[in-house]
K.L.:
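What follows is a structure written as structure tokens; I'll ask about it next.
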Amino acid sequence: MTTPWSPTDFSAKVIEYYHAHGRKHLPWQGTQDPYKIWLSEIMLQQTQVTTVIPYFERFIESFPTVTDLAQATDDQVMQHWSGLGYYSRARNLHKAAQIIETEFSGVFPQDPETIETLPGIGRSTAGAIASFAFGQPTAILDGNVKRVLARSYAIEGWPGNGKVLKALWQRAETNTPQQETAAYNQAMMDLGAIVCTRSKPDCPDCPLSKHCLAYNSNSIEQYPGKKPKKARPSKSVYWLINIRQEKVLLHKRPPSGIWGGLWALPEVQQKEMSPDQIQQLDPFVHKFSHYDLQVQPLLLSSNADKALVEKNSHPSIMEPAQADWFSLNQLNEIGLPTPVSKLLVKLLEDS
DNA sequence: AACTCGTGGGG
DNA sequence: TCCCCAAGAGT
């Protein structure tokens with residue numbers, strides 16, 4: 001019977017791993033600038049490191065400080081997030097930058113409770129910023145830490161479950177050391193990303209294997225518990241492609257809902273145009289994590305009734321979407337959903 | 001508590 | 001190809 005790690009021995013092993021093998025040269029490391037650390041933490045939410053790196057570099061180049069970000073337009077910010085997904089992150093980031101400017105005189109708050117009041121920053125992200133930027137002894141609990149803790153202490157159940165999450169936070173708080181917290185937090189994520197991976201973990205080389213309850217009971221695969229799977233629904237829509245004088249008509253999507261704040265092709269559920277006014281392009285399926293979107297792109301001929309298009313493009317009369325015409329160059333200055341961007345690029349290549 | 005919110009990597 | 005899920009947060 002294996003005895004579990006004591007919190008002090010656990011954190012000592014983890015910190016030792018940081019000095020020997022931890023990641024220290026990612027683009028947002030080697031600085032204590034809270035703005036850069038904050039930006040990286042937001043981009044890294046549910047997004048892999050290799051995906052984030054080029055977005056982070058471009059973003060910092062265009063908006064080097066929180067003041068630059070606060071003063072940027074919505075479209076500028078969304079353009080820099082285009083393709084990264086979870087666009088509420090970008091809208092909340094922009095809002096938070098303006099709050100920091102107006103309510104905190106441009107100075108990033110240091111205590112975790114205040115940091116967590118900013119939009120888009122939850123408990124774990126607040127803990128990460130407070131420890132990395134300000135050296136505070138705050139705990140984090142991202143996917144990596146959840147996996148390492150669930151295995152080390154054989155914490156059963158899916159982390160999305162409230163009780164399981166509470167148990168994981170309890171263990172995270174207990175094990176987070178008061179000293180060298182930043183090194184500990186970074187190393188926990190490094191262990192999860194490099195050694196304690198979700199498939200084929202490298203237990204023989206893990207500094208925590210000696211007292212890892214899952215490893216020593218040969219039940220690594222049971223931890224963390226898996227998310228219950230559900231059927232993915234499917235939606236069908238038409239996208240209207242209306243090109244006049246080298247410009248394409250786009251609509252700005254409302255702030256809430258899918259692709260909020262991005263410019264997309266006008267979308268309708270049914271087509272009410274006569275067949276001679278439209279050309280059906282190749283249909284395709286865009287797969288989200290929670291549903292499939294079946295898209296039938298419709299290329300409108302130049303004599304199609306524009307008024308009809310406009311009418312169909314506004315599902316709600318109460319809240320008409322913002323619409324505008326964009327030239328090819330202007331498409332680089334706004335946020336576009338990935339499938340819209342791909343479709344337009346393909347269309348322009350063919351013509 | 002359960003659901004929503006993107007996209008891409010890797011098995 | 002299909003499926004899981006990533007440095008989670010908001011509602």
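Quick caveat, the model's predicted, so the values are computed rather than measured.
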K.L.:
Check each residue of residues 140-155 of chain A for a non-hydrogen atom within less than 4.0 Å of any atom in DNA chain C, then write out the ones that pass by number, or none.
P.N.:
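Per residue number, the list reads D142(A), G143(A), N144(A), R147(A).
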K.L.:
Taking any atom under 4.0 angstrom from a heavy atom of chain A, which nucleotides of DNA chain B are the first and last to qualify, 5' to 3'?
P.N.:
dC3(B) to dG11(B)
K.L.:
Need one value for L262(A): base, sugar-phosphate or nothing, where a base atom within 4.0 Å counts as base even if backbone is also close, heavy atoms only.
P.N.:
nothing
K.L.:
Over how many whole Å does the gap from L168(A) atom CG to dG8(C) atom P extend?
P.N.:
13 Å
K.L.:
Please state the P separation for the pair dA7(C) and dG10(B) - nearest whole angstrom.
P.N.:
12 Å
K.L.:
On the nucleotide dC4(C), are OP1 or OP2 found under 4.0 Å from the side-chain N or O atoms that K226(A) carries?
P.N.:
no
K.L.:
So, the side chain of Q322(A) versus the backbone of K252(A): is there a donor-acceptor pair under 3.5 Å, distance only?
P.N.:
no
K.L.:
Can you give me every donor-acceptor pair (side chain of residues 119-129 of chain A, partner residue at least two apart or in another chain, under 3.5 Å) with its distance?
P.N.:
residue : atom : partner : partner atom : Å
R123(A) : NH2  : E173(A) : OE2          : 2.9
S124(A) : OG   : L141(A) : N            : 2.9
T125(A) : OG1  : Q45(A)  : NE2          : 3.1

K.L.:
Give the table of side-chain donor-acceptor pairs shorter than 3.5 Å for residues 32-40 of chain A, with sequence neighbours excluded, one pair per line with atom names and distance.
P.N.:
residue : atom : partner : partner atom : Å
D33(A)  : OD1  : Y35(A)  : N            : 2.9
Y35(A)  : OH   : F63(A)  : O            : 2.7
S40(A)  : OG   : I37(A)  : O            : 2.8

K.L.:
Give, ordered by number, those residues of residues 41-55 of chain A having at least one heavy-atom distance below 4.0 Å to an atom of DNA chain C; if nothing qualifies, reply none.
P.N.:
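Within this stretch, E41(A), L44(A), Q45(A), Q46(A) sit under 4.0 Å of the strand.
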K.L.:
Is the Lys NZ or Arg CZ of R58(A) less than 6.0 Å from the centre of F56(A)'s six-membered ring, within 45° of the axis?
P.N.:
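No, R58(A) does not lie over the aromatic ring of F56(A).
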K.L.:
Between dA1(B) and dA6(C), how far apart are the C1' atoms? Round to whole Å, please.
P.N.:
23 Å
K.L.:
Could you check which residues of residues 179-208 of chain A get a heavy atom under 4.0 Å from DNA chain C? Sort them by number, please.
P.N.:
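Correct list: Q186(A), M189(A), R198(A).
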K.L.:
Phosphate oxygens OP1/OP2 of dA9(C): is one of them under 4.0 Å from a side-chain N or O of T125(A)?
P.N.:
yes
